[in-house]
Amino acid sequence: MALVNIRHLAAPFRNSVHWVSILLIALAFMVLRMSGISLEIGSEQPVAKTNRSEAILPLASEENAQRARLAEQSRSKLQPPSAGNSDLVDEILAPVRKDKQEKERKQEEEKILKQDSGKLDDIERMLGLK
Amino acid sequence: MSESVKVIPKVWRSELPLLLLFFALSPIAVFLSSRFPMSVVHGELFKIFGTQVNLNLPVIALIPLALVLIAAYRIYNVRYALDSRFIECRQGILSFTQSITRVRYEDVRSLESDQSLIGRLLDVGAVQIGTAASGQIEIVLQGIAAPTEVQERIQRERDARQRLMKKDFGVSSDAVGA
């Protein structure tokens, strides 16, 4: 516990070299954030953009393929992640485009949901669950 | 090392070209990353306890980050110190191999300070210390602030020790003669 001393904790802030280091690292981090660096945490399995459609087809059934295609279309029409995470850049560059794409995305999601509910009924009937 | 140690830090002003490049490239990187979304790499970072963590990494913005890290490496990889007995230069603090060079004040033969025009404006430069033993420059205090003052301080310490040595030599030779 003798090592944990307020003097040691305050040492980086006494030297001007350390102050500049902290400032520059913060600036570099700000540049990275504005450029779109981000972490996405989730329990689902979103994969890399290049092979997203392949990973969404585990059963190779027609319903899953169609759902995947619609999902891919809706996601591709969304803004790119770099712009989606850097709201400041979005606000400056394309505010109108964002609203339009949001509306399109909602419409397509409603469409997918309607189709899914119909197909799920068919599957349940085939399996004898209904 | 004794308690009376004066650490001479390497200053950020000595890495001015890298800093200017960083400030120039930062807005360009932000603009290019937003303009070319394909430059942002998406991928799974790792998976833990059923939770997946994905990373979106803008490749272009790594260039300014690399510049800052290179400059910070150059600043923190060396450490210059003036002890009560010697001058110490540690190189390779952040590397796999570290070299520590110590030169006693009494052994210092040549002292040169080196400043460019921009260095004189920013008061940044280098001090080169040579000894009689090797006949060449032993230590170079690169990128320090106020190099002329550091040079004068080392010179004062050297002169003080040489006076002390002359005094001691004079006393011991008298004692031998008697």
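Each chain gets a letter, A, B and so on, in the order its sequence line appears, and its residues count up from 1. Worth knowing before you read on, the calculation uses all heavy atoms, side chains too, and leaves out hydrogens, waters and symmetry mates.
- Annotation: maximal heavy-atom pairing with chain A below 4.5 Å, among B:P27, B:A29, B:A61, occurs at B:A61.
- The residues A:E109 and A:R105 are annotated as salt-bridged, a charged nitrogen and a carboxylate oxygen being separated by less than 4.0 angstrom.
- The part of B:L45 that comes within reach of chain A is its side chain, from C-beta onward, which places non-hydrogen atoms under 4.5 angstrom from that chain.
- Between chain B and the options A:V17, A:I25, A:I41, heavy-atom pairs under 4.5 Å are most frequent for A:V17.
- With a 4.5 angstrom heavy-atom cutoff, B:V68 touches chain A only via side-chain atoms.
- For a residue to count as touching a neighbouring chain, one of its non-hydrogen atoms must lie under 4.5 Å from one of that chain's; by this rule B:L67 does not touch chain A.
- Between the side chain of B:D114 and the main chain of B:A126, no donor-acceptor pair closer than 3.5 Å is present.
- Salt bridge A:K106/A:E108: absent, no basic N to carboxylate O contact under 4.0 Å.
- A salt bridge is defined here as a Lys NZ or Arg NE, NH1 or NH2 lying under 4.0 Å from an Asp or Glu carboxylate O, and A:D122 with A:R125 meets this definition.
- Heavy atoms of B:L19 lying under 4.5 Å from chain A belong exclusively to its side chain.
- With a 4.5 Å cut-off on non-hydrogen atoms, B:F49 does not touch chain A at all.
- Side-chain N or O atoms of B:R158 include none that pairs as donor or acceptor with a backbone N or O of B:Q162 at under 3.5 Å.
- In the hydrophobic clustering of this structure, B:V140 does not group with B:V127; members are Ile, Leu, Val, Met, Phe, Trp, Tyr whose side-chain heavy atoms approach within less than 4.5 Å, directly or through other members.
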In sequence, state the C-alpha distance, the side-chain angles, and the governing distance for B:E44 and B:Q52, and then conclude on side chain to side chain donor-acceptor pair (under 3.5 Å). CA-CA 7 Å; B:E44 179 189 322; B:Q52 189 165 339; 3.1 Å; yes
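- Although no hydrogens or angles enter the test, the distance criterion places a donor-acceptor pair under 3.5 Å between the side chain of A:W19 and the main chain of A:F13.
- Of the possible polar contacts, none joining the B:Q115 side chain to the B:D123 backbone as a donor-acceptor pair under 3.5 Å is found.
- Among the residues in residues 6-17 of chain B, those with a non-hydrogen atom closer than 4.5 angstrom to a non-hydrogen atom of chain A are B:P9, B:K10, B:V11, B:W12.
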